[in-house]
Novice: 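Sharing a structure with you now.
Chain identifiers are assigned alphabetically (A, B, ...) following the order of the sequence lines, protein sequences preceding nucleic acid strands; residue numbering begins at 1 within each chain.
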There are 2 protein chains.
Amino acid sequence: MPSRRQSQASGTRTAILDAAERLVQTRGFNGFSYADVAAELKITTAALHYHFPGKAELGDALIERYAARFGEALEGIAAMDAFAPAKLRAYKDLYLGVLREHRMCLCGMLAAEYQTLPDTMRKSVVGFLDQNCEWLSALLEAGRSERSLHFDGTAPAAARMIVGALEGAMLVSRPYAGTEHFELIANRLIEDFTLPARPARARR
Amino acid sequence: MPSRRQSQASGTRTAILDAAERLVQTRGFNGFSYADVAAELKITTAALHYHFPGKAELGDALIERYAARFGEALEGIAAMDAFAPAKLRAYKDLYLGVLREHRMCLCGMLAAEYQTLPDTMRKSVVGFLDQNCEWLSALLEAGRSERSLHFDGTAPAAARMIVGALEGAMLVSRPYAGTEHFELIANRLIEDFTLPARPARARR
DNA sequence: GTCTATAACGAGATAGAC
DNA sequence: GTCTATCTCGTTATAGAC
């Protein structure tokens with residue numbers, strides 16, 4: 001039987017990333033410390049430094065994992081047997097799921113703190129935004145082709161608007177308690193891109 | 001001749017607020033220190049504490065001044081001899097002006113850091129967002145009445161979408177160099193609300 | 001892999017002289 | 001109003017034992 005590969009994430013490493021991720025998404029990269037993570041895991045900060053030499057490396061690992069997970073979710077949506085509007089709603093629901101946990105999008109939070117980030121983290125944040133815009137562009141193009149979505153201008157431009165609007169909706173919604181504020185904005189945004197279904201029935 | 005009132009802002013106090021404001025808008029409330037402000041003004045941190053006993057009080061003063069200044073700008077726009085679409089563009093340009101200085105909206109930045117803020121600052125951030133939404137609601141209603149703007153649903157809901165989208169556009173635009181990213185999103189957003197002028201000429 | 005111990009620094013804040 | 005001097009605490013980080 002094959003033994004564990006050295007590249008496999010140890011339980012502690014994953015637990016550190018989980019705790020740090022939540023802290024960054026709720027308090028920001030400049031709003032948490034190694035001590036916060038260590039306290040949550042009931043280990044010492046010295047143990048943290050064993051897994052991540054410095055906060056910059058921890059930050060790099062956080063974005064890398066987050067972007068990979070988000071990419072998988074996007075692949076899952078792309079593989080859905082559904083028309084583009086349903087996929088766009090599923091994309092919006094990714095953000096909604098994050099907000100439900102009272103979190104900001106990791107890279108949206110880091111975008112706010114952009115000027116204070118190490119250079120490697122900056123590049124990764126931009127990469128995440130680009131990744132989202134490219135995926136959305138393809139979805140929008142497909143929706144236009146199948147006549148289920150409509151928008152003026154280029155697909156990349158429309159994609160940037162959607163990403164910006166959803167990130168902004170999360171940003172301004174978190175100071176208010178629930179998700180109603182976000183859903184109001186997001187649902188309205190998505191409707192603006194959706195053409196009424198032709199064959200079955202009119203929009204209710 | 002009347003001597004200076006005690007309530008008048010001293011030059012130092014204003015200089016502190018100016019420096020701190022820029023620091024918060026570029027680096028976040030958790031991304032700057034008294035030492036940063038003191039260094040910029042070439043005074044000591046002890047002098048800062050004379051004007052603002054603690055960082056929380058400084059933060060309160062920052063939001064208060066920012067909201068007041070923003071409110072004045074809104075009054076100025078409301079008083080314009082123009083139709084609602086021009087006023088909506090002027091509103092958008094308020095955000096654009098901030099972004100041109102490579103800054104995030106003060107309260108947008110603070111919204112990201114919301115969970116780490118003192119309670120008085122939290123309340124003020126929400127107040128700022130509400131102030132904007134209420135002003136925009138009135139503008140949207142007026143535009144609908146004069147048939148120069150159109151939107152589905154209620155004016156407050158549409159206003160929240162605009163505020164969220166503009167804050168989000170700033171957020172995701174700052175990692176990219178110029179203002180093109182923002183303008184693409186914001187102009188598109190505003191066009192979606194604007195009805196083509198009836199009498200004179202079609203949109204160019 | 002995790003600990004204790006500690007270094008080295010920066011942050012917010014205060015006392016008291018000028 | 002602003003300074004010097006100092007305090008306390010939190011944060012990042014390292015050395016070396018277990």
Novice: Nearest whole Å is fine: how far is C:dT2 C1' from A:Arg13 CZ?
Specialist: 17 Å

Novice: Taking atom P of C:dG12 as reference, at what distance in whole Å does atom CZ of B:Phe32 sit?
Specialist: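 Result: 7 Å.
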
Novice: Taking the side chain of A:Tyr50 as its heavy atoms from C-beta onward, which of D:dT12, C:dA13, C:dT2 lies nearest to it?
Specialist: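 My answer, after comparing the listed nucleotides, is C:dT2.
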
Novice: Can you figure out which of D:dT2, C:dT14, D:dT14 approaches the side chain of A:Ala46 most closely?
Specialist: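 The closest nucleotide is D:dT14.
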
Novice: Set out, in order, the CA-CA distance, both residues' side-chain angles and the distance that settles side-chain hydrogen bond (donor to acceptor under 3.5 Å, both in side chains) for A:Asn30 and A:Thr116, then state yes or no.
Specialist: CA-CA 8 Å; A:Asn30 295 323; A:Thr116 71; 2.9 Å; yes

Novice: Tell me which nucleotide among D:dT12, C:dA11, D:dT2 gets nearest to the side chain of B:Ser33.
Specialist: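 Minimum distance to the B:Ser33 side chain belongs to C:dA11.
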
Novice: Reckon A:Thr12 has a side-chain N or O less than 4.0 Å from the OP1 or OP2 of C:dG1?
Specialist: no

Novice: Going from CG on A:Asn187 to CE on B:Met161, what distance comes out if it is rounded to the nearest 0.5 angstrom?
Specialist: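 The CG atom of A:Asn187 sits 11.0 Å away from the CE atom of B:Met161.
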
Novice: Measure NE2/B:His49 against P/C:dG16 and give the value in whole Å, please.
Specialist: 17 Å

Novice: Nearest-Å distance, CZ (A:Phe29) to C1' (D:dT11)?
Specialist: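 The distance from CZ of A:Phe29 to C1' of D:dT11 comes to 13 Å, rounded to the nearest Å.
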
Novice: Tell me: CG of A:Leu41 to P of C:dG1, nearest whole Å?
Specialist: 15 Å

Novice: Round to a whole Å and report the spacing from CD1 of A:Ile43 to C1' of C:dT2.
Specialist: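 About 8 Å, once rounded to whole Å.
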
Novice: Which comes earlier along DNA chain C counting from the 5' end, the contact point of B:Gly54 or that of A:Lys42, where each point is its nearest nucleotide?
Specialist: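 Its nearest nucleotide lies further toward 5', so the answer is A:Lys42.
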
Novice: By nearest atom, which of the nucleotides D:dT11, C:dA13, C:dT2 is closest to the B:Thr45 side chain?
Specialist: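 From the listed options, C:dA13 comes nearest.
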
Novice: Specify the separation, in whole Å, of atom CG of B:Leu48 and atom P of C:dA11.
Specialist: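 Roughly 13 Å, once rounded to whole Å.
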
Novice: Write down the distance between CZ (A:Phe52) and P (C:dT2), rounded to a whole number of angstrom.
Specialist: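 My rounded result for the distance is 12 Å.
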
Novice: Nearest 0.5 Å please: distance from the CD1 atom of A:Ile162 over to the CG atom of A:Leu136.
Specialist: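 Output value for this atom pair is 5.0 Å.
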
Novice: Is it possible for you to check whether B:Lys55 lies under 6.0 Å from the centre of the six-membered ring of B:Phe29, through NZ or CZ, and within 45° of that ring's axis?
Specialist: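 The answer is yes, since B:Lys55 meets both limits relative to B:Phe29.
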
Novice: Would B:Lys123 pass as a cation-pi partner of B:Phe128, given that its NZ or CZ must be under 6.0 Å from the six-membered ring centre and within 45 degrees of the axis?
Specialist: no

Novice: Tell me whether the OP1 or OP2 atom of C:dG12 has a side-chain N or O from B:Tyr34 closer than 4.0 Å.
Specialist: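 No, no such contact exists.
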
Novice: Counting heavy atoms from C-beta on, name the nucleotide in D:dT12, D:dT2, C:dA11 closest to the side chain of B:Ala35.
Specialist: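 Per side-chain heavy atoms of B:Ala35, the pick is C:dA11.
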
Novice: Side chain of B:Ala47: nearest nucleotide among D:dA13, D:dT2, C:dA13?
Specialist: D:dT2

Novice: Is any side-chain N or O of B:His51 closer than 4.0 Å to OP1 or OP2 of D:dT2?
Specialist: yes

